[in-house]
Amino acid sequence: MTDTGKYPLGEIHAFDFDGTLTRRDTLLEFIRYAKGAKAFLLCFARFSPWLVMMKMGLYPNWKAKQRVFSYCFKGMAEADFNALCARFAKEKAGLLRPKGMQRVRDVLAGGGKVVIVSASVNNWVEPFFTGMDGVFVVGTMIGVRDGVLTGRFATRNCYGPEKVNRLLQLYPERTEYRLTAYGDSRGDSELLDFADESHYKPFR
């Protein structure tokens with residue numbers, strides 16, 4: 001049990017989403033779901049040069065991701081996009097790792113706070129936690145103008161050091177809570193190092 005004198009804000013558990021709480025990357029799954037298998041393959045064939053350079057560290061992660069997102073969803077009505085995200089979460093609940101989701105429920109039952117810190121877009125991450133009071137999603141936010149997706153991101157891609165920055169925006173009093181972090185990739189390294197307790201690939 002957390003020492004409430006030492007940690008007035010109690011326990012905060014920060015979970016990465018893709019690969020940690022899910023079996024696969026949800027950006028890819030969402031595009032496949034929204035556009036169909038053929039359009040999905042054509043999209044990634046078109047952007048493969050940037051994706052390869054990204055994997056080699058020669059092209060920024062956020063730029064490659066924004067290029068793909070813009071190509072697939074720029075100009076779509078925000079209301080339609082959100083409805084699509086809700087259907088995706090409902091129909092693809094099997095993407096979630098049961099052990100990971102059980103840990104989320106256990107933390108909430110024990111009075112802890114849960115923050116999902118994800119490079120994926122808030123709009124499709126949040127519906128996976130519908131009905132789970134106490135879960136807050138911090139992800140990459142998308143640009144919208146006049147109710148239409150601009151194809152650009154409204155925030156920095158929530159990846160690497162940005163995960164720590166975004167968590168501190170939410171809970172800046174770092175000495176007043178005990179942080180446990182869960183991740184599965186190099187994009188989570190800074191968050192795992194920042195935590196009092198960290199778990200790498202814990203739910204596999």
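Side chains included, hydrogens not; waters and symmetry mates left out as well; all remaining heavy atoms used. Here the structure is a predicted model, which is why all the values come from computation and not from measurement. Along the sequence shown, residues carry numbers from 1.
- Within the 4.5 Å cutoff, the side chain of Trp124 has no heavy atoms near those of the Leu84 side chain.
- Using a 4.5 Å cut-off between side-chain heavy atoms of Ile, Leu, Val, Met, Phe, Trp and Tyr, with links allowed through other members, Val137 and Val104 fall into the same hydrophobic cluster.
- Surrounding CZ of Arg204 are more than 12 heavy atoms belonging to other residues, nucleotides or ligands, all under 6.0 Å away.
- Cluster annotation: Leu168 and Leu170 are assigned to the same hydrophobic cluster (Ile/Leu/Val/Met/Phe/Trp/Tyr, side-chain heavy-atom contacts under 4.5 Å, transitive).
- Between Thr180 and Glu11, some side-chain heavy-atom pair lies under the 4.5 Å cut-off.
- Arg23 places a side-chain N or O within 3.5 Å of a backbone atom of Gly94 that can act as its donor or acceptor partner.
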* **Audit row: Tyr159, Arg186, side-chain contact (heavy atoms from CB on, under 4.5 Å) steps and yes/no** => CA-CA 9 Å; Tyr159 177 91; Arg186 64 185 177 89; 3.1 Å; yes
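- Put simply, Phe203 and Phe128 are part of the same group of oily side chains (I, L, V, M, F, W, Y) that touch within less than 4.5 Å, one to the next.
- Looking only at distances, a side-chain donor or acceptor of Asn122 sits under 3.5 Å from a matching main-chain atom of Gly139.
- Proximity of a side-chain donor or acceptor of Arg97 to a complementary backbone N or O of Gly19 within less than 3.5 Å is detected.
- Note on Leu41: it clusters hydrophobically with Tyr71, by side-chain heavy-atom contacts below 4.5 Å among ILVMFWY residues.
- A donor-acceptor pair under 3.5 Å links the side-chain atoms of Asp18 to the main chain of Thr26, judged by distance alone.
- Of all heavy-atom pairs between Leu192 and Ala181, the closest is CD2-O, 3.7 Å.
- Looking at Lys92, its side chain never comes within 3.5 Å of a backbone N or O of Glu29 through a donor-acceptor pair.
- Between Tyr182 and His199 there is a side-chain heavy-atom pair separated by less than 4.5 Å.
- Applying the side-chain contact (heavy atoms from CB on, under 4.5 Å) rule to Pro161 yields the partners Glu190; only residues at least two apart in sequence or on another chain are considered.
- Closest approach of Asp188 and Gly183 over heavy atoms only: OD2-CA, 3.5 Å.
- In this structure, SG in Cys158 is found 11.5 Å from CD1 in Ile116, a value given to the nearest 0.5 Å.
- In this structure Tyr171 satisfies the side-chain contact (heavy atoms from CB on, under 4.5 Å) test together with Ile12, Lys113, Val115, Leu167, Tyr177, sequence neighbours excluded.
- The line from CZ of Arg103 to OG1 of Thr20 is 14.0 Å long, rounded to the nearest 0.5 Å.
- For the pair Arg178 and Glu197, the minimum side-chain heavy-atom distance is below 4.5 Å.
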Check: Hey, mind stepping through Tyr33 and Phe40 against ring-ring contact (aromatic ring centres under 6.0 Å, His included) and telling me if it holds?
Finding: CA-CA 9 Å; Tyr33 176 83; Phe40 170 83; over 10 Å; no
Open item on the list: As a quick check of understanding, evaluate salt bridge (charged side-chain N to carboxylate O under 4.0 Å, His left out) for Arg174 and Asp196, giving each step before the final call.
Closed with: CA-CA 11 Å; Arg174 180 62 185 91; Asp196 298 295; 3.1 Å; yes
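- The environment of Asp193 atom CG is dense: over 12 non-hydrogen atoms of other residues, nucleotides or ligands sit within 6.0 angstrom.
- Taking all atoms of both residues into account, the shortest heavy-atom contact from Asn123 to Cys85 is O-CB, 3.2 Å.
- For an aromatic pair to be called close, the ring centres must be under 6.0 Å apart, and Phe30 with Phe69 fails this.
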| message | Under the criterion side-chain contact (heavy atoms from CB on, under 4.5 Å), I'd like the reasoning laid out for Leu96 against Phe17: C-alpha separation, chi angles, the key distance, then a yes or no. | response | CA-CA 9 Å; Leu96 297 170; Phe17 188 61; 4.0 Å; yes
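- Taking every heavy atom of both residues into account, Ala89 and Pro127 meet most closely at CB-CB, 3.5 Å.
- Around atom CZ of Arg152, no more than 12 heavy atoms belonging to other residues, nucleotides or ligands sit under 6.0 Å away.
- In terms of hydrophobic clustering, with Ile, Leu, Val, Met, Phe, Trp and Tyr side chains grouped at heavy-atom distances under 4.5 Å, Leu21 and Val107 are assigned to a common cluster.
- For the pair Ile142 and Phe73, the minimum side-chain heavy-atom distance is 4.5 Å or more.
- Using a 4.5 Å cut-off on side-chain heavy atoms (C-beta onward), Asp16 and Lys163 make contact.
- For the residue pair Gln102 and Asp106, a side-chain donor N or O sits within less than 3.5 Å of a side-chain acceptor on the partner.
- A donor-acceptor contact shorter than 3.5 Å is absent between the side chain of Thr155 and the backbone of Thr140.
- Counting heavy atoms from C-beta on, the side chains of Lys35 and Cys43 never come closer than 4.5 Å.
- Rounded to the nearest 0.5 angstrom, Ser120 OG and Asp25 CG are separated by 5.5 Å.
- You'll find the side chain of Arg24 reaches within 4.5 Å of the side chain of Leu95, heavy atoms only.
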Output, in order, the C-alpha distance, side-chain angles, deciding distance and verdict of side-chain contact (heavy atoms from CB on, under 4.5 Å) for Phe129 and Met101. CA-CA 9 Å; Phe129 301 93; Met101 294 305 292; 3.7 Å; yes
